[in-house]
Amino acid sequence: MKEELQDLYRIARERMVENQIKARGITDERVLQAMRKIPRHLFVDSALRDQAYGDYPLPIGEGQTISQPYIVALMTEALELNGHERVLEIGTGSGYQTAILAELALWVYTIERYAFLQERAKKILFELGYRNISFKIGDGTLGWQEASPFDAIIVTAGAPQIPPPLIEQLAEGGRIVIPVGDEFSQILVKGVKRGGVLHTKNLEPVRFVKLIGMYGFKE
Ligand code: SAM
């Protein structure tokens, strides 16, 4: 029975990758493979498990969400990870995106405002065997100075601007992906730091919960 259930989840993941992610143009094979592998259903409440592979975000508590699978894939692909990077993630949330990053990079530094969410994510990630993640509770708009510079930075909440400390803590040649806009809608922005300057381009319109902090929205 348990094995049958695991098979069903595996099939659901395969369909998710084909119909939601590859079909919308994601081609990075490492990203696709990580999304086929990671058991997304473990990162949502047991009452929502049958919806874990649906084409939408889901609530995770504290008014927060686990992002839609396609958006996770899009943001991850934009980071251009090859396995050697030190990555900063702002907004641990459920820990699902953290797991994808831990599969694809050397080390992940993840910051979350809510201790409860991060504790839960930490437990799941540990049980899944990830040992290349450092956790911090606090205001991610300030970055993680002691661990910088980062080869890649991902912000999984909508920001009014790109927080200056994050630009500062990005390595030369590093990539940042962040939703920028107002509290109702944002544009996913990708920035690459060259010659100490961030060069940005817009990817897609998105809708994220608010990034709250010194360089984010007020509570
Ligand atoms: N990546 C997450 C996942 O896969 O479940 C989704 C994250 S959810 C859309 C956004 C998260 O950002 C929330 O958990 C929220 O508490 C967190 N957040 C908002 N502002 C923050 C800040 N200044 N520092 C750290 N985390 C923040």
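What's counted below: heavy atoms across the whole structure, side chains too, no hydrogens, waters or symmetry copies. Order of listing sets the numbers, starting from 1, for every ligand and every atom in it.
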S.K.: Using heavy-atom distances, let me know which of Ile66, Leu58, Thr156, Thr65 sits nearest atom 1 (N) of ligand 1.
M.R.: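 Heavy atom nearest to atom 1 (N) of ligand 1 belongs to Thr156.
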S.K.: Which residue supplies the protein heavy atom nearest to atom 4 (O) of ligand 1, what is that atom called, and how far is it?
M.R.: Gln97 N, 3.2 Å
S.K.: Mind checking whether Thr98 has a heavy atom under 4.0 Å from ligand 1?
M.R.: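 Per 4.0 Å heavy-atom rule, Thr98 does not contact ligand 1.
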S.K.: How far is atom 24 (N) of ligand 1 from its nearest protein heavy atom, and which residue and atom name does that atom have?
M.R.: Gly140 N, 2.8 Å
S.K.: Give me the residue, atom name and distance of the protein heavy atom closest to atom 23 (N) of ligand 1.
M.R.: Ile212 O, 2.6 Å
S.K.: Suppose the criterion is ring pair (Phe, Tyr, Trp, His ring centres under 6.0 Å): which pairs have a residue in residues 127-146, not counting sequence neighbours?
M.R.: Tyr109-Trp144
S.K.: For atom 3 (C) of ligand 1, what's the nearest protein heavy-atom neighbour? Residue, atom name and distance, please.
M.R.: Ser94 OG, 3.4 Å
S.K.: Any atoms of ligand 1 less than 4.0 Å from a non-hydrogen atom of Tyr114? List them with their elements.
M.R.: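 Within the 4.0 Å cut-off of Tyr114, ligand 1 contributes 16 (O).
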S.K.: Answer yes when Lys123 and Glu127 have at least one side-chain N-carboxylate O distance shorter than 4.0 Å, and no when they do not.
M.R.: yes
S.K.: Closer than 4.0 Å to some heavy atom of Lys210 - which atoms of ligand 1 meet that?
M.R.: 19 (C), 20 (N)
S.K.: Might you confirm whether atom CZ of Phe126 has over 12 heavy atoms from other residues, nucleotides or ligands at distances under 6.0 Å?
M.R.: no
S.K.: So Phe43 and Tyr96, would you call those rings parallel, tilted or perpendicular, with 30° and 60° as cut-offs?
M.R.: perpendicular
S.K.: Which of the atoms in ligand 1, numbered in the order shown and given with their element, are less than 4.0 Å from a heavy-atom of Leu117?
M.R.: 14 (O)
S.K.: How far is atom 14 (O) of ligand 1 from its nearest protein heavy atom, and which residue and atom name does that atom have?
M.R.: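 In this structure, atom 14 (O) of ligand 1 has Glu112 OE1, 2.7 Å as its nearest protein heavy atom.
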S.K.: I would like to know whether Thr92 and Thr98 meet side chain to side chain donor-acceptor pair (under 3.5 Å); could you show each step before the answer?
M.R.: CA-CA 7 Å; Thr92 317; Thr98 320; 5.2 Å; no
S.K.: Compare all side-chain heavy atoms of Ile176 with those of Ile167 and state whether any distance is below 4.5 angstrom.
M.R.: no
S.K.: Ignoring hydrogens and angles, state whether a donor on the side chain of Tyr53 or Arg40 is under 3.5 Å from an acceptor on the partner side chain.
M.R.: no
S.K.: When you measure from atom 13 (C) of ligand 1 to every protein heavy atom, which one gives the shortest distance, and what is it?
M.R.: Gln64 OE1, 3.2 Å
S.K.: For residues Gln33 and Arg30, is any side-chain donor paired with an opposing acceptor at under 3.5 Å?
M.R.: no
S.K.: Can you tell me the protein heavy atom closest to atom 12 (O) of ligand 1 and the distance?
M.R.: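 The closest one turns out to be Gly91 CA, 3.3 Å.
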S.K.: Tell me whether ligand 1 is touched by Gly138 - counting only heavy atoms on the residue side and a distance under 4.0 Å.
M.R.: yes
S.K.: I'd like to know whether CZ of Arg15 has more than 12 heavy-atom contacts from other residues, nucleotides or ligands below 6.0 angstrom.
M.R.: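 No.
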S.K.: Between the candidates Arg113, Gln118, Met214, Gln68, which shows the shortest non-hydrogen contact distance to atom 21 (C) of ligand 1?
M.R.: Arg113
